[in-house]
Protein chains: 2
Amino acid sequence: MPQHTTYRDIKADILRKITKGDWRPGASIPNEIELAASYGVARATVNRAMRELAEEGIIERKRKAGSKVRMSPLRRARFDIPLVRREIEDQGQAYRYALISSAVEPAPDWLRARLNLDAMTDVLHLVCMHFADGSPYQYEDRWINLALLAEAREADFSVQGPNEWLVAAVPFSDAEISFSAASADQSLANHLSCSPGDPLFQLERSTWWQDKAVTYVRLVYRPGHRMTTRY
Amino acid sequence: MPQHTTYRDIKADILRKITKGDWRPGASIPNEIELAASYGVARATVNRAMRELAEEGIIERKRKAGSKVRMSPLRRARFDIPLVRREIEDQGQAYRYALISSAVEPAPDWLRARLNLDAMTDVLHLVCMHFADGSPYQYEDRWINLALLAEAREADFSVQGPNEWLVAAVPFSDAEISFSAASADQSLANHLSCSPGDPLFQLERSTWWQDKAVTYVRLVYRPGHRMTTRY
DNA sequence: TAGTGGTCTAGACCACGAG
DNA sequence: TCGTGGTCTAGACCACTAC
């Protein structure tokens with residue numbers, strides 16, 4: 001028997017009322033003062049429960065208008081995207097990394113457009129592979145802005161993946177992620193041990209540090225990869 | 001000029017210290033009491049700022065051990081997955097829906113395994129299309145558990161998409177979502193106006209209501225679709 | 001303009017978990 | 001064991017916004 005009613009209890013109770021159908025989509029929920037009184041807690045406690053339900057997309061809140069159960073439940077899926085090494089090791093598999101190629105070149109047009117780079121900016125272009133228990137797991141096509149990260153020229157990417165190097169080199173940054181499907185070309189097929197034309201799941205990420213483009217990466221997973229989450 | 005320092009100010013200031021490199025990955029952050037004193041606010045205010053940073057994966061907190069900047073920044077991407085209709089209308093395009101086929105049948109083995117259904121459970125199998133400005137946008141392969149939702153037998157899915165019907169029929173539910181890549185077979189190619197073998201982005205969702213399986217759906221997007229988010 | 005959520009305070013007690 | 005974060009309280013003022 002809990003001494004106090006916690007905000008978790010309240011959150012669970014409200015969620016139960018919604019899942020049971022007591023409060024249907026679109027319905028109004030009593031205001032914080034009433035809820036606080038009925039649960040016998042301070043308003044701040046109710047506030048936290050309700051605030052979290054709103055963050056999770058279950059309810060909608062507006063000053064003066066009050067709180068309502070969302071009409072069309074917005075599905076807010078959250079994905080944790082760890083370093084590949086972590087992802088593989090967390091599955092209990094052995095991680096291996098290999099550098100395929102490395103070259104300094106002027107940024108191609110598509111990259112300049114994507115990262116908003118000046119003409120004539122040099123970039124470091126790396127191609128790498130990540131293996132799980134010896135099998136190809138992920139193909140990495142990495143582009144690093146040398147105007148911002150000149151140190152990358154000297155870094156040794158034959159032993160350490162660019163991702164891990166970047167984490168140490170750039171403290172924190174803004175990013176844009178997108179998921180899509182791609183077709184395996186001959187090169188991808190070779191690297192990922194699949195057939196040309198196979199559908200592959202890919203993740204692209206552009207990263208900025210204080211409004212300056214740091215890096216763009218395209219990560220292509222082996223065939224059949226799924227990114228899953230519960231909520 | 002704000003009268004008080006808000007938890008947002010504090011959050012931004014701490015984030016700035018991290019992005020600027022003052023506090024590097026792995027570094028310890030002063031405890032809440034010290035921060036409250038240095039910002040001249042109550043501990044609860046600092047607590048909220050820190051709690052949100054922890055939720056976003058920027059820092060790690062442990063009782064007694066204190067707060068630290070995360071070693072390997074966990075990328076926590078959040079995607080809002082609205083109803084297709086919303087998705088299309090929000091892009092300023094005209095939405096159109098079409099029912100392709102509808103049939104009641106015993107749940108196939110793969111579905112029974114996925115949703116943990118009893119043998120001999122009947123399911124409603126629907127195939128539908130969603131169009132944006134007249135072009136194929138999304139293919140929907142929907143399976144509904146009739147043991148739980150017998151009303152679905154009588155519903156008219158020729159005018160309303162099953163998603164919208166379900167939202168009204170089942171108040172709220174737990175779900176598992178996964179993203180992956182698939183290859184267009186002849187049927188998909190016809191429906192999505194693409195070529196067989198084209199790589200397609202697909203979303204699968206299994207839904208439960210009070211531990212009972214409600215529905216499984218496979219949503220296949222037109223070629224080139226991307227799911228994007230910033231953080 | 002009045003009602004509702006948003007936020008801050010100052011203080012308190014508690015639970016986890018590192019040392 | 002005891003420092004640190006986790007949470008609650010009772011009260012207050014404020015900012016939005018529907019009416």
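Fair warning: this is a prediction, and the values are worked out from it, not measured in the lab. So that the names make sense, note that chain A is the first sequence line, chain B the second, and so on, each numbered from 1.
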[N] [atom2] sits how many Å from [X] [atom1], rounded?
X: B:I10; N: C:dG6; atom1: CD1; atom2: P; value: 19 Å
X: A:E32; N: C:dT7; atom1: CD; atom2: P; value: 11 Å
X: A:I33; N: C:dT4; atom1: CD1; atom2: C1'; value: 8 Å
X: B:D9; N: C:dG6; atom1: CG; atom2: P; value: 18 Å
X: A:E60; N: C:dG5; atom1: CD; atom2: C1'; value: 14 Å
X: B:R61; N: D:dG3; atom1: CZ; atom2: C1'; value: 14 Å
X: A:I59; N: C:dG5; atom1: CD1; atom2: P; value: 9 Å

Going through the distances and angles, do B:H130 and B:Y137 end up as a ring-ring contact (aromatic ring centres under 6.0 Å, His included)?
-> CA-CA 6 Å; B:H130 304 272; B:Y137 184 84; 8.5 Å; no

Step by step, work out the ring-ring contact (aromatic ring centres under 6.0 Å, His included) result for B:F179 and A:F179.
-> CA-CA 8 Å; B:F179 296 150; A:F179 296 149; 5.7 Å; yes

Note, B:P223 side chain near B:L200 side chain (heavy atom, < 4.5 Å) | yes

Scan side-chain atoms only and decide if [X] and [Y] contain a donor-acceptor pair under the 3.5 Å cut-off.
X: B:Y221; Y: B:Q138; value: yes
X: B:Y39; Y: B:D13; value: yes
X: B:D156; Y: B:S158; value: yes

State whether [X] places a side-chain N or O below 4.0 Å from either non-bridging phosphate oxygen (OP1 or OP2) of [N].
X: B:N31; N: D:dT4; value: yes
X: A:N47; N: C:dG6; value: yes
X: B:S67; N: D:dT4; value: no

Show me, pair by pair, the donor-acceptor contacts under 3.5 angstrom made by side chains of residues 142-153 of chain B, not counting sequence neighbours?
unit_1: B:R142; atom_1: NE; unit_2: B:E140; atom_2: OE2; d: 3.0
unit_1: B:R142; atom_1: NH1; unit_2: B:T215; atom_2: OG1; d: 3.1
unit_1: B:R142; atom_1: NH2; unit_2: B:E140; atom_2: OE2; d: 3.0
unit_1: B:N145; atom_1: OD1; unit_2: B:A147; atom_2: N; d: 2.9
unit_1: B:N145; atom_1: ND2; unit_2: B:A213; atom_2: O; d: 2.9

Pairs under 3.5 angstrom, nitrogen or oxygen only, protein versus nucleotides 16-19 of chain C, please.
none

Flag, side chain of B:W209 to backbone of A:T19, donor-acceptor distance under 3.5 Å |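 Side chain of B:W209 to backbone of A:T19: a pair is present.
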
Short heteroatom pairs, N/O only, protein and nucleotides 8-12 of chain D, under 3.5 Å:
unit_1: D:dC8; atom_1: OP1; unit_2: A:Y7; atom_2: N; d: 2.5
unit_1: D:dT9; atom_1: OP2; unit_2: A:A42; atom_2: N; d: 2.7
unit_1: D:dT9; atom_1: OP2; unit_2: A:T45; atom_2: OG1; d: 2.5
unit_1: D:dA12; atom_1: N6; unit_2: A:R43; atom_2: NH2; d: 3.1

Run the salt-bridge test on A:E52 and A:K11 with the 4.0 Å N-O cut-off and return the result as yes or no.
-> yes

